[in-house]
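Report on one structure; see the data block that follows.
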Amino acid sequence: MTSILKVDTIQGANGSDIPYIKDHVLQVKSVASSAITTIGTDDTRTDIVGLSVAITPKSTSSKILVQVHISYGSSNNNTYGSAYIMRNSTDIAIGTTATGVQQNVSLPLPSSGMTNEDYKLKNSSMAFLDEPQTTSAITYKVQARCDLLTTLYINRTGRDNNSDYVSRGISTLTVTEIGG
């Protein structure tokens, strides 16, 4: 036997509507991209194709769990790449202690300098609990950059020849609203 409970509104003891339950998932938005993004050698931040998602929080007290996974490769065995998580045009989930020309980043996208690194597909992931304090639509996105000596590729290896040891992958961005 199956039971079904249908309601239009749940009210609190004081008669006010309860639009959500605190600390529970209210909505989830997610994108997955297998598109190739080429990050040039000019040390400039570039949007990763397909890693952008919009969400409108239901409450100013909500938190947004941002989860990012990036598959990447590089044209050189020794690469210094990085990624940045953004809410609209503001960096979030980023280091704060870099000085001089050091980089404050969200995720490192390095190659180790070992032989044949340019044939390898690598991965970098992180999660961050954001507190946007708004009920306006916001967009989360991911950008990447690399040093001046190499090219960084999202979702493919640096060497992209037709061999069974060359891989292609996907990158994902998921945002989950949690009632506050």
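Note on Met126: it clusters hydrophobically with Ile154, by side-chain heavy-atom contacts below 4.5 Å among ILVMFWY residues. A continuous path of Ile, Leu, Val, Met, Phe, Trp and Tyr side chains, each step under 4.5 Å between heavy atoms, connects Ile92 with Leu109, placing both in one hydrophobic cluster. Taking hydrophobic clusters as Ile, Leu, Val, Met, Phe, Trp and Tyr residues chained together by side-chain heavy-atom distances below 4.5 Å, Ile138 does not share a cluster with Leu26. A single hydrophobic cluster is seen to contain both Tyr140 and Phe128, as judged by linkage of ILVMFWY side chains at heavy-atom distances under 4.5 Å, directly or through other members. In this structure, Met86 is not a member of the same hydrophobic cluster as Ile70, with clusters built from ILVMFWY side-chain heavy atoms closer than 4.5 Å.
In this structure, CG on Asp118 lies 11.5 Å from OG1 on Thr151, to the nearest 0.5 angstrom. How far CD1 of Ile94 is from CG of Leu107: 10.0 Å, rounded to the nearest 0.5 Å. Here Glu131 contributes atom CD and Arg87 contributes atom CZ; the two are 9.5 Å apart, rounded to the nearest 0.5 Å. Separation of atoms CG (Asn104) and OG1 (Thr96) is listed at 6.0 Å; rounding is to 0.5 Å. The line from CD1 of Ile64 to CG of Leu129 is 8.5 Å long, rounded to the nearest 0.5 Å.
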> Is there a side chain to side chain contact (heavy atoms under 4.5 Å, CB included) between Ile178 and Leu65 once you walk through the steps?
Replying inline: CA-CA 7 Å; Ile178 301 168; Leu65 178 62; 4.2 Å; yes
>> Between Ser71 and Asn123, is the side chain to side chain donor-acceptor pair (under 3.5 Å) condition met? List the steps.
In response: CA-CA 5 Å; Ser71 294; Asn123 295 282; 3.0 Å; yes
> Going through the checks in order, is the side chain to side chain donor-acceptor pair (under 3.5 Å) test met by Ser82 and Tyr84?
Replying inline: CA-CA 7 Å; Ser82 51; Tyr84 306 83; 3.0 Å; yes
> Should Gln27 and Ile55 be marked as a side chain to side chain contact (heavy atoms under 4.5 Å, CB included) after you check the CA-CA gap, both sets of side-chain angles, and the distance that decides it?
Replying inline: CA-CA 9 Å; Gln27 59 179 321; Ile55 189 169; 3.7 Å; yes
> Is there a side chain to side chain contact (heavy atoms under 4.5 Å, CB included) between Gln143 and Thr44 once you walk through the steps?
Replying inline: CA-CA 10 Å; Gln143 293 185 329; Thr44 301; over 6 Å; no
>> Could you walk me through whether Glu177 and Ser62 satisfy the side chain to side chain donor-acceptor pair (under 3.5 Å) test, starting with their C-alpha distance in whole Å, then the side-chain angles of each, then the deciding distance to 0.1 Å, before giving a yes or no?
In response: CA-CA 6 Å; Glu177 181 182 5; Ser62 290; 2.6 Å; yes
> Could you go step by step and tell me if Thr150 and Ser75 meet the side chain to side chain donor-acceptor pair (under 3.5 Å) rule?
Replying inline: CA-CA 6 Å; Thr150 61; Ser75 64; 5.0 Å; no
>> Set out, in order, the CA-CA distance, both residues' side-chain angles and the distance that settles side chain to side chain contact (heavy atoms under 4.5 Å, CB included) for Leu152 and Thr37, then state yes or no.
In response: CA-CA 8 Å; Leu152 189 68; Thr37 303; over 6 Å; no
>> The test is ring-ring contact (aromatic ring centres under 6.0 Å, His included); show your working for Tyr153 and Tyr72 and say whether it passes.
In response: CA-CA 5 Å; Tyr153 299 99; Tyr72 69 97; over 10 Å; no
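The environment of OH in Tyr80 is sparse: at most 12 heavy-atom neighbours from other residues, nucleotides or ligands sit within 6.0 Å.
Of the charged side-chain nitrogens involved, none lies within less than 4.0 Å of a carboxylate oxygen, so that Lys63 and Asp130 do not count as a salt-bridged pair.
Two residues are said to be in side-chain contact when any heavy atoms from C-beta on lie closer than 4.5 Å; Ser125 and Val68 fail this criterion. Contact annotation: the side chain of Lys141 approaches that of Asp47 to within less than 4.5 Å [non-hydrogen atoms, C-beta and beyond]. Cys146 places none of its side-chain heavy atoms less than 4.5 Å from the side chain of Ser74. The closest side-chain heavy-atom distance from Val28 to Val175 is not below 4.5 Å. Glu117 is listed as a side-chain neighbour of Lys122, based on a closest heavy-atom distance under 4.5 Å.
Not a single donor-acceptor pair under 3.5 Å links the side chain of Ser163 to the backbone N or O of Tyr165. Ser33 contributes a side-chain N or O that, together with a main-chain N or O of Val49, makes up a donor-acceptor pair within less than 3.5 Å. Side chain of Ser59 to main chain of Ser61: a donor-acceptor pair is present (N/O by atom type, distance under 3.5 Å, no hydrogens or angles). Panel note: side chain Ser106, backbone Ile85; a donor-acceptor pair is recorded below 3.5 Å.
For Ser171 and Asn155, the side-chain atoms include at least one donor-acceptor pair closer than 3.5 Å.
Shortest non-hydrogen contact noted between Ala54 and Lys29 is O-CG, 3.8 Å.
Of the candidates Leu173, Thr174, Thr172, Val31 forms a side chain to side chain contact (heavy atoms under 4.5 Å, CB included) with just one, namely Leu173.
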